[in-house]
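Model, not experiment: these values are computed from the prediction. Throughout, a chain's letter reflects where its sequence line sits, starting with A, and its residues are numbered from 1. Both backbone and side-chain heavy atoms feed into the values below; hydrogens, waters and symmetry mates do not.
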Number of protein chains: 2
Amino acid sequence: MDRLFQALADATRRDIVARVLTGEFSVSGLAAGYEMSFAAVQKHVAVLERASLVVKEKHGREQMVRPHPEGVRRARRLLDEYEMLWRQRVDRIQDILADG
Amino acid sequence: MDRLFQALADATRRDIVARVLTGEFSVSGLAAGYEMSFAAVQKHVAVLERASLVVKEKHGREQMVRPHPEGVRRARRLLDEYEMLWRQRVDRIQDILADG
DNA sequence: CTAATCTACAACCAAATGGTTGTAGATCAA
DNA sequence: TTGATCTACAACCATTTGGTTGTAGATTAG
């Protein structure tokens, strides 16, 4: 979970996720889209990979980066839990007000 | 957005969010629940506050920590976008398979 | 075969992070 | 008033993070 949210806590990495969701990209194809070095983008992809947000698929000498929705789903589940707790809290307060 | 996911990328902070969603807690009340120093917990709360996940409410000499669902909602919106893109992607692939 | 391309990975650096201790200001209790 | 409690904040430290450059291994193109 730490790795998951950590991975999403960077604008470049969130942009990479959005890109690979909309088209096919190799690591160098992604790197071409940013001002930073190839190695830096490579590291960002590695962080996303450890967080289960993308997977790499070797194809020839290129490494294609594909989205992996597992990570997104796990993050959503936690936020859903929080919203559920929030709703329960609101309901409790409503009850107290109704009783008082 | 960076601050938001960064705030969620720590187990102690996620636990604090869960706690303040289920009951009333002052900063020192929270601190009592963890092995670390008061100042460390204080810093965690500050991180959550900057991320719009909690708000502090001064009450006497105590500072009550309350949940602030704004942050959770903003995080969810991004994940919803990702899932929407994912669904569109799956649909595109289905179409290609249907045409081929 | 040779040269260019794509990737992996190590070493290094500055800045941020997560923790500590210590000090000081408010507020409450006796 | 005095002492205890709650909080804020600074200074410090070790580790992680996000970036760099450089080197080397595969794979493709000419």
Check your understanding: Are side-chain heavy atoms of B:Val72 and A:Glu83 found at a separation under 4.5 Å?
Key -> yes
Point to revise | pair A:Leu85-B:Val17: side-chain heavy atoms closer than 4.5 Å | key: no
Review point. D:dT21, D:dA8, C:dA8: which one has an atom nearest the side-chain heavy atoms of A:Ser37?
Key: D:dT21
Revision key, fill the gap. 5' to 3', nucleotides 22-30 of chain D under a 4.0 Å protein heavy-atom cut-off (B base, S sugar-phosphate only, - none) gives -----BB--
Review point. With A:Val27, which residues qualify under side-chain contact (heavy atoms from CB on, under 4.5 Å), at least two apart?
Key: A:Phe38, A:Gln42, A:Lys56, A:Gln63, A:Val65
Review point. Are side-chain heavy atoms of B:Arg13 and B:Leu8 found at a separation under 4.5 Å?
Key: no
Check your understanding: Heavy-atom contacts under 4.0 Å between residues 46-54 of chain A and DNA chain D, which residues?
Key -> none
Exercise for review: For C:dA8, take OP1 and OP2 only and decide whether either is under 4.0 Å from a side-chain N or O of A:Lys56.
Suggested key: yes
Review point. D:dG18 P sits how many Å from A:His44 NE2, rounded?
Key: 7 Å
Check your understanding: Is B:Arg3 reaching over with its side chain to a backbone N or O of B:Ala51, donor-acceptor style, under 3.5 angstrom?
Key -> no
Exercise for review: Find the distance A:Glu57:CD to C:dT7:P and express it as a whole number of Å.
Suggested key: 13 Å
Exercise for review: Taking the side chain as every heavy atom from C-beta outward, state whether A:Glu62 and A:Met64 have any pair of such atoms under 4.5 Å apart.
Suggested key: yes
Check your understanding: Rounded to whole angstroms, how far apart are CD on B:Gln42 and P on C:dG18?
Key -> 15 Å
Exercise for review: Specify the separation, in whole Å, of atom CZ of B:Phe38 and atom C1' of D:dC6.
Suggested key: 6 Å
Review point. What pairs of residues pass the side-chain hydrogen bond (donor to acceptor under 3.5 Å, both in side chains) test when at least one of them lies in residues 31-41 of chain B, not counting sequence neighbours?
Key: B:Asp15-B:Tyr34, B:Arg19-B:Tyr34
Point to revise | For the student: nearest non-hydrogen atoms of B:Leu79 and A:Ala75, plus distance | key: CD1-CB, 3.6 Å
Review point. Shortest non-hydrogen contact from A:Arg14 to B:Leu78?
Key: CD-CD2, 3.5 Å
Practice item. Keeping the roles fixed (side chain from B:Arg66, backbone from B:Phe25), state whether a donor-acceptor pair exists under 3.5 Å. Key: no
Point to revise | For B:Glu81, salt bridge (charged side-chain N to carboxylate O under 4.0 Å, His left out) partners two or more places apart | key: none
Check your understanding: Can you check the B:Glu62 CD to D:dC6 C1' distance for me, whole Å?
Key -> 7 Å
Revision key, fill the gap. Which of D:dT7, D:dG18, C:dT7 is nearest the side chain of A:Lys43? It is D:dG18
Check your understanding: In residues 5-36 of chain B, which residues come under 4.0 Å of DNA chain D by heavy atom?
Key -> B:Ser26, B:Val27, B:Ser28
Exercise for review: Find the distance A:Arg3:CZ to D:dT16:P and express it as a whole number of Å.
Suggested key: 14 Å
